Novice: 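Before I ask anything, let me first share the structure, which is written out below as structure tokens.
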2 protein chains.
Amino acid sequence: MALPRSEEKRIALLASAADIMAAQGLGASTASIARGAGVAEGTLFRYFATKDVLYNALYTHLKLDLAAALRQHMAVHDSLDGQVRALWDAYIDWGVSNLSFFKTLNQLVVSDKVTDETRCTVASQLSDIKCVAQACSDNNGLSALPGGFADAVFMALAETTIQFVVRDPANGQAYKSAGFRVFWSGSVR
Amino acid sequence: MALPRSEEKRIALLASAADIMAAQGLGASTASIARGAGVAEGTLFRYFATKDVLYNALYTHLKLDLAAALRQHMAVHDSLDGQVRALWDAYIDWGVSNLSFFKTLNQLVVSDKVTDETRCTVASQLSDIKCVAQACSDNNGLSALPGGFADAVFMALAETTIQFVVRDPANGQAYKSAGFRVFWSGSVR
DNA sequence: AATTAATGAGTGAGTACTCACAACAGGATT
DNA sequence: AATCCTGTTGTGAGTACTCACTCATTAATT
């Protein structure tokens with residue numbers, strides 16, 4: 001073994017992919033992604049055998065990055081309200097300060113390029129966060145509805161909130177509070 | 001003039017485009033769209049000079065179709081609550097029963113293929129509906145926030161609600177009420 | 001017959017992906 | 001130290017394919 005394949009380049013490729021896909025959509029060419037990472041196009045295929053493999057690796061990378069950010073700010077609060085609000089704030093903040101990650105992740109989530117296997121593997125590594133979300137869900141008025149409606153509402157409101165905070169940062173705090181109030185006062189029983 | 005260019009084929013092409021783009025994304029090929037409409041590929045380009053023209057025509061077509069559906073159900077209610085609820089129901093119902101229209105429209109809304117000019121022209125034809133939305137916005141707690149945050153929250157919640165109604169129609173009414181409650185009790189002051 | 005709509009094989013640009021080769025970092029041999 | 005040797009990474013022109021779009025031809029109507 002002479003040269004170790006550099007983790008650095010792998011990360012650069014993933015970051016470039018997230019940046020360019022955020023701007024151009026998932027159809028962004030492998031040539032432009034490689035150029036953005038400062039490597040030749042062939043090199044991309046040494047790290048990710050096909051573009052589909054890249055999609056799945058990127059999904060995993062972004063989800064785990066988000067999860068790490070959430071964990072850092074998941075202090076234990078006495079009230080459920082406080083706990084959920086901390087989760088909300090951490091989520092919004094991650095989206096705002098990693099906008100291209102956020103945009104690309106949202107595209108990947110609804111794309112059929114990401115396999116069920118990848119989704120499962122990632123979900124299993126996020127059990128601790130899912131746990132908090134579940135506690136929230138169990139104690140609010142949307143829990144009567146099947147299949148993660150509360151989760152989806154949380155995500156939809158967060159996405160909208162992030163868009164507005166980015167577009168008009170001066171009112172960032174106002175959007176953050178308002179978005180949370182819609183979710184919380186609308187869903188609490 | 002020997003043959004009139006048929007409005008029928010134009011509609012068929014737009015409908016096919018909406019169907020196929022809902023399934024495959026905006027990148028769906030012109031060949032498949034023409035095939036879906038039962039015409040040759042060349043014919044598509046007689047009706048829409050470029051694919052970008054098609055995108056813009058489709059955006060206009062779908063928005064006006066939605067607007068027509070909303071107008072039909074915009075009975076005058078005494079209470080503001082009733083008025084907004086009627087708008088909400090009409091919107092959800094249109095999305096559920098025209099799912100491919102709804103999906104494609106959502107993609108077009110965030111796409112840069114649709115020009116600002118198209119958006120403006122369409123918006124000017126929707127002034128009556130915008131008026132009701134404005135009356136709602138003026139009387140709720142989100143109106144203090146700039147730039148249509150209330151509108152965006154409405155749309156985001158409606159999108160989520162439609163997804164769940166389609167996935168699980170048995171609980172359709174429950175999702176519809178719950179979605180509206182989140183919007184209304186969360187945003188009313 | 002005159003005119004225009006409709007057609008679909010053809011065109012060039014762009015795509016994901018390949019592969020023969022260059023560049024390189026050690027360890028072994030002088 | 002200086003040289004080869006070996007196995008791996010990095011490269012980018014090349015390949016097969018798909019795409020939006022064209023245009024000479026055919027079909028349809030008055």
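Convention: sequence-line order gives letters A, B, ...; per-chain numbering from 1. These figures come from a predicted structure and were not determined experimentally.
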Novice: May I ask you to evaluate whether R46(A) reaches the phosphate of dG10(D), defined as a side-chain N or O under 4.0 Å from OP1 or OP2?
Specialist: no
Novice: Counting only heavy atoms and a strict 4.0 angstrom limit, can you tell me which residues of residues 17-36 of chain A come near DNA chain C?
Specialist: A28(A), S29(A), T30(A)
Novice: Got a sec, which residues hit side-chain contact (heavy atoms from CB on, under 4.5 Å) with N98(B), two or more places apart in sequence or on another chain?
Specialist: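 Once residues adjacent in sequence are excluded, the partners of N98(B) under the side-chain contact (heavy atoms from CB on, under 4.5 Å) criterion are W94(B), F101(B).
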Novice: E41(A): which residues meet the side-chain hydrogen bond (donor to acceptor under 3.5 Å, both in side chains) condition with it, sequence neighbours left out?
Specialist: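 E41(A): side-chain hydrogen bond (donor to acceptor under 3.5 Å, both in side chains) contacts with T30(A).
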Novice: How would you list, by chain and number, every residue that makes a side-chain contact (heavy atoms from CB on, under 4.5 Å) with K130(A), sequence neighbours excluded?
Specialist: D151(A)
Novice: Rounded to the nearest Å, what distance is computed from the NZ atom of residue K9(A) to the C1' atom of nucleotide dT9(D)?
Specialist: 8 Å
Novice: Under the side-chain contact (heavy atoms from CB on, under 4.5 Å) test, which residues partner L126(B), sequence neighbours left out?
Specialist: K63(B), L64(B), A67(B), V122(B)
Novice: Grab the N/O contacts between the protein and nucleotides 9-12 of chain C below 3.5 Å, and write none if there aren't any.
Specialist:
none

Novice: Mind calculating the distance between CZ (F45(A)) and P (dT15(C)) to the nearest angstrom?
Specialist: 12 Å
Novice: Between dA16(C), dA6(C), dT9(D), spot the one nearest the side chain of Y47(B), thanks.
Specialist: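 Looking only at heavy atoms from C-beta outward on Y47(B), the closest nucleotide is dA6(C).
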Novice: Considering residues at least two apart in sequence or located in another chain, which fulfil the salt bridge (charged side-chain N to carboxylate O under 4.0 Å, His left out) criterion with D89(A)?
Specialist: R85(A)
Novice: Could you grab the distance from atom CG of L54(B) to atom CG of L44(B), nearest 0.5 Å is fine?
Specialist: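 If we round to the nearest 0.5 Å, L54(B):CG and L44(B):CG are 6.0 Å apart.
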Novice: If you look only at distance, which donor and acceptor atoms sit under 3.5 Å apart when one is on a side chain in residues 13-28 of chain B and the other is two or more places apart or in another chain?
Specialist:
unit_1	atom_1	unit_2	atom_2	d
S16(B)	OG	I33(B)	O	2.7
D19(B)	OD1	S100(B)	OG	2.8

Novice: Could you please name the option among dT7(C), dC17(C), dC21(D) that lies closest to any side-chain atom of V39(B)?
Specialist: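 The nucleotide sitting nearest to the side chain is dT7(C).
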Novice: Within a reach of under 6.0 Å around CE of M74(B), are more than 12 heavy atoms found that belong to other residues, nucleotides or ligands?
Specialist: yes
Novice: Which of these nucleotides, dT7(C), dG10(D), dA20(D), is closest to any side-chain atom of T43(A)?
Specialist: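 Nearest to the side-chain atoms of T43(A), counting from C-beta on, is dG10(D).
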Novice: Under the salt bridge (charged side-chain N to carboxylate O under 4.0 Å, His left out) test, which residues partner R71(A), sequence neighbours left out?
Specialist: D128(A)
Novice: Hey, could you give me each pair passing salt bridge (Lys or Arg N to Asp or Glu O under 4.0 Å) that has a residue in residues 101-119 of chain A? Not counting sequence neighbours.
Specialist: none
Novice: Pull out every residue in residues 49-62 of chain A that has a heavy atom closer than 4.0 Å to any atom of DNA chain D, ordered by number, or say none.
Specialist: none
Novice: Report the distance from atom CZ of R10(A) to atom P of dG10(D), rounded to the nearest whole Å.
Specialist: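 Interatomic distance, CZ of R10(A) to P of dG10(D): 13 Å.
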Novice: Does V110(B) have any side-chain contact (heavy atoms from CB on, under 4.5 Å) partners at least two apart in sequence or in another chain, and if so, which?
Specialist: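 V110(B): no side-chain contact (heavy atoms from CB on, under 4.5 Å) contacts found.
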